[in-house]
Amino acid sequence: MSELEVIVAKFYDKSGRYIVNLNVKSRYQGSTRENITKTDANGLFTFQASPNRIIEILAKPPNESEFTVFRIRNSSSVSSEAHPIKIQLPRTIEEYKQARN
């Protein structure tokens, strides 16, 4: 069995501020099995995946009813806490909080 890849993603809102405590999850493309958690105090989402698999990174911003895929990539793509995968949401957190669905 091969070693798992550690993947680090950092979530930002439209204004460029990192997002703390955001509901996020990862899964292999086409799978129903998911890794659900929240971003940490630095807006980071860290998870592990098997090498060379296609993964989806999803988030559920405030007042949204469902998770949305924000990034699809190969699990072997290099990322670290110093160089995370950067994921920017299309609105600011304030705009999400004010929205009514």
A.B. asks: Any side-chain heavy-atom pair from S50 and L4 closer than 4.5 angstrom?
C.D. replies: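 They are in side-chain contact.
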A.B. asks: If you round to the nearest 0.5 Å, how far is CD of E5 from OG of S76?
C.D. replies: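 Going from OG on S76 over to CD on E5, the span is 4.0 Å.
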A.B. asks: To the nearest 0.5 Å, what is the distance between NZ (K86) and OG (S79)?
C.D. replies: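 Between atom NZ of K86 and atom OG of S79 there are 12.5 Å.
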A.B. asks: Mind jotting down which residue pairs meet the ring pair (Phe, Tyr, Trp, His ring centres under 6.0 Å) criterion with at least one end in residues 63-93? Sequence neighbours excluded, please.
C.D. replies: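 Those involving residues 63-93 do not exist here.
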A.B. asks: About how many Å separate CD of Q88 and NZ of K10, when rounded to the nearest 0.5 Å?
C.D. replies: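 Separation between the atoms: 13.0 Å.
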A.B. asks: Residues two or more places apart in sequence or in another chain: which of them pass side-chain contact (heavy atoms from CB on, under 4.5 Å) with T39?
C.D. replies: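 Only F11, L22, V24, F45 meet the side-chain contact (heavy atoms from CB on, under 4.5 Å) criterion with T39.
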A.B. asks: Under 4.5 Å between side-chain heavy atoms, counting indirect links through other Ile/Leu/Val/Met/Phe/Trp/Tyr residues: same cluster for L58 and I55 or not?
C.D. replies: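 No, L58 does not connect to I55 through the hydrophobic network.
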A.B. asks: Check side chain to side chain donor-acceptor pair (under 3.5 Å) between S15 and all other residues, then give those that pass, not counting sequence neighbours.
C.D. replies: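 D13, R17.
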A.B. asks: Any chance you could measure D40, atom CG, to I19, atom CD1, to the nearest 0.5 Å?
C.D. replies: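 CD1 of I19 is found 12.5 Å from CG of D40.
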A.B. asks: Restricting to pairs with a member in residues 23-44, which pass ring pair (Phe, Tyr, Trp, His ring centres under 6.0 Å), not counting sequence neighbours?
C.D. replies: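 Ring pair (Phe, Tyr, Trp, His ring centres under 6.0 Å) check on residues 23-44 returns no pairs.
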A.B. asks: Tell me, please, which residues at least two apart from Q98 pass side chain to side chain donor-acceptor pair (under 3.5 Å).
C.D. replies: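 Applying side chain to side chain donor-acceptor pair (under 3.5 Å) to Q98 gives none.
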A.B. asks: Are E64 and R91 within salt-bridge range, i.e. N to O under 4.0 Å?
C.D. replies: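 Salt bridge between E64 and R91, a charged N being under 4.0 Å from a carboxylate O: yes.
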A.B. asks: Could you tell me whether the side chain of N63 and the main chain of Y96 form a donor-acceptor pair under 3.5 Å?
C.D. replies: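 Looks like yes, one N/O pair under 3.5 Å.
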A.B. asks: Side-chain contact, heavy-atom cut-off 4.5 Å: I72 with Q29?
C.D. replies: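 SC-SC contact between I72 and Q29 confirmed.
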A.B. asks: Rounded at 0.5 Å granularity, tell me how far OG in S77 sits from CZ in R71.
C.D. replies: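 So the gap between those two atoms works out to 10.0 Å.
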A.B. asks: Sequence neighbours left out, what passes side chain to side chain donor-acceptor pair (under 3.5 Å) with K25? Give chain and number order.
C.D. replies: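 Scan of K25 (side chain to side chain donor-acceptor pair (under 3.5 Å), adjacent residues dropped) gives E34.
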A.B. asks: What pair of heavy atoms forms the shortest contact from S75 to P51, and how long is it?
C.D. replies: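 So the two residues come closest at OG-C, 3.5 Å.
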A.B. asks: Tell me, which pairs form a salt bridge (charged side-chain N to carboxylate O under 4.0 Å, His left out) where one or both residues lie in residues 41-59, sequence neighbours left out?
C.D. replies: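 Residue pairs passing salt bridge (charged side-chain N to carboxylate O under 4.0 Å, His left out), neighbours aside: R27-E56.
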A.B. asks: Just by distance, do the side chain of T92 and the backbone of K14 share a donor-acceptor pair under 3.5 Å?
C.D. replies: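 No, because the side chain of T92 does not come within donor-acceptor range (under 3.5 Å) of the backbone of K14.
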A.B. asks: Evaluate the criterion side chain to side chain contact (heavy atoms under 4.5 Å, CB included) for residue pair V69 and I57; output intermediate values, then yes/no.
C.D. replies: CA-CA 6 Å; V69 175; I57 302 173; over 6 Å; no
A.B. asks: List the steps and the verdict of side chain to side chain contact (heavy atoms under 4.5 Å, CB included) for I85 and R73.
C.D. replies: CA-CA 10 Å; I85 299 165; R73 66 183 299 138; 3.2 Å; yes
A.B. asks: Excluding sequence neighbours, so at least two apart, what forms side chain to side chain donor-acceptor pair (under 3.5 Å) with N74?
C.D. replies: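 Testing N74 for side chain to side chain donor-acceptor pair (under 3.5 Å), a comparison that skips the adjacent residues, returns N52.
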A.B. asks: If you group Ile, Leu, Val, Met, Phe, Trp and Tyr whenever their side-chain heavy atoms sit less than 4.5 Å apart, what else falls in with Y12?
C.D. replies: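 Besides Y12, the hydrophobic cluster comprises Y18, V20, listed by chain and residue number.
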A.B. asks: Show which residues join L44 in its hydrophobic cluster (side-chain heavy-atom contacts under 4.5 Å, direct or indirect), or state none.
C.D. replies: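 Hydrophobic cluster check, L44: joined to V6, V8.
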